[in-house]
Amino acid sequence: MVRRDADSIPIAVVGGSAAGLFTAWLLRRGGRRVRVYERAERLEPACRTLIVTARMREILGAAGESCVVNAIRRFEVWSDGRSAQFSLHQPDLIIERATLIESLAERARAAGAEIRFGRRFLRLSAGGSPPGLEFDRQEDGERETAAASVVVGADGALSEVARSVGWPRPETVPLLQALVRLPADYPIDTVRVWFVPEDTPYFYWLIPEGNGRGALGLIGEAGERTRRSLEKFLDRRGFEPLEFQGARIPVYRGWVPVHRRVGATDVYLVGDAASQVKVTTVGGIVTGLRGARAVAQAILDSDGAGELRSLRRELNLHLWVRRTLHQFTQTDYCRLLDLLNPAARRSLETHGRDDAARVLLRVCQSQPRLLWMGLRALLTNRSFPSAPASE
Ligand SMILES: Cc1cc2nc3c(=O)[nH]c(=O)nc-3n(C[C@H](O)[C@H](O)[C@H](O)COP(=O)(O)OP(=O)(O)OC[C@H]3O[C@@H](n4cnc5c(N)ncnc54)[C@H](O)[C@@H]3O)c2cc1C
């Protein structure tokens, strides 16, 4: 009886982007009433060129197809004039984020989820039963309240749902990329990566969209410095920026438990709101979708624990690698490229990036000196992240 009452009140998903819309669709497919509350006044997601692993297709099925604009079969990695190349047995995908979100919104709506735009979530008031969500309605600035049986916070790195329920704020780093025209001879199936620790402890990348353009960007630690570094890098290589895309991304520093209870209400976090981002590359699409799937399973009373455990293991492994790489100097990166013997390279090519544990194990088996190099870096004292991320 209590359950039927709860079921007549919709589940509230706050945030209508990749993680939120995917959660909404899964919940609707599982027979639950779902209402998505999105701050933006209409479905006009910002364009971003992103690279994801092939796992996105496996998770999303047909809804993941329309956003694919290119396939990547080769990586070229550079450090101070040295380079190493790898072919990928399973290509990575270049996707357009806006198309992905539009397609997820269409699927969620078609399944019967309601999407309310122009609703900025303010707080959860625990007083009522069930507790109320309070929104700022963008069209007239009025307050709006709504009841919800379950709340899912999918409202990104600066999640108000997380703040309102008492989850600690994650650190964030700026991610900035420029769309550029590619030289005519640029191989369209190849991503270039440059390690320049003087500019960033992460890296620069150039990912081709397949239409003569590409996204050249970097992850930084402080906003203004990141922009200056990107502009200098573009200038040195003769690229003219056509447009910039950027936002702050949460830094995964350890597993964020995704569930809390407020009175009788279950509150969950998914995607960037739960820092479900691989901290090696700051990729959050596939991991956020996996987090969404696990939370939807938990709400639908099937077992989401296995998926969450495996996601946690993967994110922790990336954290370990990041802690190591964060200590690397330019000389270390050059040495790393020199140490990649054909067997280590084959391991990188064969085992997709989705199975990070196996890739690491095989690469270290092929070239044990890499393990020593990693351990030595881990034992140095530089903290991670090494600069304040609050600019
Ligand atoms: C320039 C750039 C390049 C990137 N490149 C890659 C890449 O190559 N590969 C990859 O995997 N990842 C990449 N990422 C990261 C990836 O885009 C994010 O991890 C992912 O989009 C997060 O999705 P999300 O649905 O969790 O959150 P978001 O996409 O941040 O969505 C949050 C949603 O919540 C809404 N919202 C926020 N606050 C409120 C509120 N108070 N009330 C209601 N609604 C609210 C927002 O409007 C938004 O629609 C990149 C990020 C950037 C910025």
Side-chain angles (χ1 to χ4, degrees), residues 12-24 35-53 55-56 67 72 92-98 100-101 104-105 115-124 133-138 144 146 151-164 170 172-179 191 202 205-207 209 215-220 226 230 243-252 269-292 295 318 353-354:
V13 176
V14 178
S17 180
L21 291 167
F22 185 52
T23 314
R35 200 172 278 157
V36 179
Y37 296 93
E38 166 56 44
R39 175 179 63 183
E41 293 197 66
R42 58 194 71 83
L43 186 61
E44 255 177 17
C47 289
R48 275 184 214 157
T49 310
L50 313 177
I51 179 165
V52 297
T53 57
R55 199 170 202 172
M56 186 201 73
C67 64
I72 296 302
D92 276 358
L93 306 172
I94 306 297
I95 63 167
E96 174 42 59
R97 172 183 180 264
L100 170 70
I101 292 171
L104 290 173
I115 307 178
R116 291 200 175 170
F117 290 99
R119 305 297 193 282
R120 186 167 70 85
F121 173 85
L122 295 175
R123 64 187 68 85
L124 188 70
L133 284 79
E134 205 176 313
F135 296 93
D136 174 31
R137 202 165 52 208
Q138 308 279 36
E144 184 176 302
V151 179
V152 179
D155 49 342
L158 305 175
S159 170
E160 285 299 321
V161 173
R163 189 197 50 77
S164 136
T172 59
V173 285
L175 199 159
L176 184 64
Q177 62 186 21
L179 286 187
V191 164
Y202 295 86
W205 62 82
L206 176 54
I207 54 179
E209 284 181 349
L216 197 160
L218 83 158
I219 306 151
T226 303
L230 180 58
E243 81 184 65
F244 285 97
Q245 305 173 342
R248 294 198 78 94
I249 301 293
V251 178
Y252 178 85
L269 297 182
V270 295
D272 275 16
S275 299
Q276 288 162 350
V277 171
K278 288 186 276 189
V279 73
T280 44
T281 56
V282 201
I285 291 288
V286 169
T287 40
L289 294 174
R290 288 181 61 199
V295 161
H318 283 272
R353 291 195 289 126
D354 285 319

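In listed order, ligands and their atoms are each counted from 1.
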key: Residue pair Gln276 / Thr287, side-chain donor-acceptor N/O under 3.5 Å   = no
Which of these, [options], sits in a side-chain contact (heavy atoms from CB on, under 4.5 Å) with [X]?
X	options	answer
Thr53	Ile72, Leu93, Asp92	Asp92
Pro250	Val282, Asp272, Val279	Asp272
Pro174	Leu218, Thr226, Leu230	Thr226

Do [X] and [Y] have side chains that approach each other closer than 4.5 Å (heavy atoms only, starting at C-beta)?
X	Y	value
Leu176	Phe244	yes
Asp136	Arg39	no
Ile249	Ile219	no

Any heavy atom of [X] closer to ligand 1 than 4.0 angstrom?
X	value
Ala18	yes
Lys278	no
Arg248	no

Sub-4.0 Å atoms of ligand 1 with respect to non-hydrogen atoms of [X]:
X	value
Ala19	25 (O), 26 (O)
Arg120	41 (N), 42 (N)
Gln245	1 (C)
Arg119	42 (N), 43 (C)
Gly271	26 (O)
Tyr37	43 (C), 44 (N)
Val14	42 (N), 43 (C)
Gly283	10 (C), 11 (O), 12 (N)

Does ligand 1 come near enough to [X] that some N or O of the ligand is less than 3.5 Å from an N or O of the residue?
X	answer
Arg97	yes
Glu38	yes
Asp272	yes

Looking only at protein heavy atoms, which one is nearest to [atom], and how far off is it?
atom	answer
atom 8 (O) of ligand 1	Ile51 N, 2.8 Å
atom 4 (C) of ligand 1	Leu50 CD2, 3.3 Å
atom 42 (N) of ligand 1	Phe121 N, 2.8 Å
atom 45 (C) of ligand 1	Arg39 CB, 3.6 Å
atom 14 (N) of ligand 1	Val282 O, 4.0 Å
atom 36 (N) of ligand 1	Asp155 CB, 3.8 Å

Taking atom [atom1] of [X] and atom [atom2] of [Y], what is their separation to the nearest 0.5 Å?
X	Y	atom1	atom2	value
Phe121	Asp155	CZ	CG	7.5 Å
Ser17	Ile285	OG	CD1	7.0 Å
Arg119	Arg35	CZ	CZ	9.5 Å
Arg137	Arg120	CZ	CZ	14.0 Å
Arg116	Phe135	CZ	CZ	9.0 Å
Arg48	Leu100	CZ	CG	11.5 Å

Can you check whether [Y]'s main-chain N or O pairs, donor with acceptor, with [X]'s side chain at less than 3.5 Å?
X	Y	value
Gln245	Thr49	yes
Ser164	Leu124	yes
Glu38	Ile115	no

Of the listed options [options], closest to [atom] (non-hydrogen atoms):
atom	options	value
atom 23 (O) of ligand 1	Gly153, Ser17, Gly156, Ala215	Ser17
atom 12 (N) of ligand 1	Ala247, Pro250, Gly284	Gly284
atom 1 (C) of ligand 1	Leu100, Leu269, Leu175, Leu176	Leu175
atom 51 (C) of ligand 1	Ile285, Ile249, Thr281	Ile249

Under 4.0 Å, heavy atoms only, figure out whether ligand 1 is touched by the backbone of [X], its side chain, both or neither.
X	value
Phe135	neither
Arg48	side chain
Ala154	backbone

